[in-house]
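Hydrogens, waters and symmetry mates are skipped; everything else that's a heavy atom, side chains included, is used. Counting convention: from 1, in listed order, for ligands and their atoms alike.
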Amino acid sequence: MSTLPEPHSAPRLGIVRLAHGEGLELPSYETAGSAGLDLRAAVPEDRQIVLLPGRRALVPTGVVFELPAGYEAQIRPRSGLAFKHGITCLNTPGTIDSDYRGEIKVLLINLGDDDFRIERGMRIAQAVIAPVARAIVEERESAGDTARGTGGFGSTGTA
Ligand SMILES: O=c1ccn([C@H]2C[C@H](O)[C@@H](COP(=O)(O)OP(=O)(O)OP(=O)(O)O)O2)c(=O)[nH]1
Ligand SMILES: [Mg+2]
């Protein structure tokens, strides 16, 4: 059974298709319970990107998001591409601000051993829509005491 919210309570994501995104499927949830909308590469058919090992590329998706206020989109890698080819997002999770009106782009890096060809329409990453808390920042003289204190970076051990 799907744990997604009912349609009437779900946030509304506006998507504008850009000219070079014509003919591509819009970002979509692949299964009933998918958390992420798969994003497609809007590279020209005749100018596909070949990512050499160790290199990165900003890949166009051909879409603009209009996120509802109070939400962000997180651009995350696809595990299949990471596992099979070493392809991941360099800045994962990428942050799409709700006031951003530019094209959604995906910063891919090839951590694998082989060249990787990014073809038009390939599902290269996924966007997870998530609520964002914006804090009221207060400067203080000191931070309250806790049991952890300044311990971190493995202070609790591994077992
Ligand atoms: O993977 C990403 C990450 C960001 N963006 C776009 C949307 C986001 O709202 C904007 C700014 O991203 P971010 O705040 O991560 O980058 P910045 O280096 O801080 O740039 P800026 O000074 O524009 O905020 O760039 C993408 O299209 N893809
Ligand atoms: Mg920023």
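- For ligand 1, the atoms closer than 4.0 angstrom to any heavy atom of E103 are 27 (O).
- Taking 4.0 Å as the cut-off between side-chain N and carboxylate O, E66 and R12 do not count as a salt-bridged pair.
- With a 4.5 Å cut-off on side-chain heavy atoms, R55 and I109 do not count as touching.
- Counting heavy atoms from C-beta on, the side chains of L26 and R17 come closer than 4.5 Å.
- A distance of 11.5 Å separates OG1 of T61 from CG of L37, quoted to the nearest 0.5 Å.
- Listed by number with element, the atoms of ligand 1 under 4.0 angstrom from any heavy atom of G94 are 1 (O).
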Criterion salt bridge (Lys or Arg N to Asp or Glu O under 4.0 Å) on E30 and R123, from CA distance to verdict: CA-CA 11 Å; E30 291 298 307; R123 286 180 287 127; 3.8 Å; yes
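- The nearest protein heavy atom to atom 12 (O) of ligand 1 is closer than 4.0 Å.
- Within 4.0 Å of atom 16 (O) of ligand 1, not a single protein heavy atom is present.
- Taking each of T95, L107, N91 in turn, the one with a heavy atom nearest to atom 1 (O) of ligand 1 proves to be N91.
- Distance remark: protein heavy atom not present below 4.0 angstrom from atom 19 (O) of ligand 1.
- Here the CD1-CD1 distance, from I87 to I118, works out to 6.5 Å after rounding to the nearest 0.5 Å.
- When only non-hydrogen protein atoms are considered, atom 2 (C) of ligand 1 lies nearest to K105 O, 3.6 Å.
- Checking side-chain atoms of R40 against main-chain N and O of I124 turns up no donor-acceptor pair under 3.5 Å.
- Protein heavy atoms are found inside the 4.0 Å sphere centred on atom 27 (O) of ligand 1.
- Ranking protein heavy atoms by distance to atom 14 (O) of ligand 1, first place goes to D97 OD2, 3.9 Å.
- One distance of note links CZ of R120 with CD of E45; it measures 6.0 Å at 0.5 Å rounding.
- Using a 4.0 Å threshold on non-hydrogen atoms, atom 5 (N) of ligand 1 counts as touching the protein.
- Of the protein's heavy atoms, Y100 CE1, 4.1 Å lies nearest to atom 25 (O) of ligand 1.
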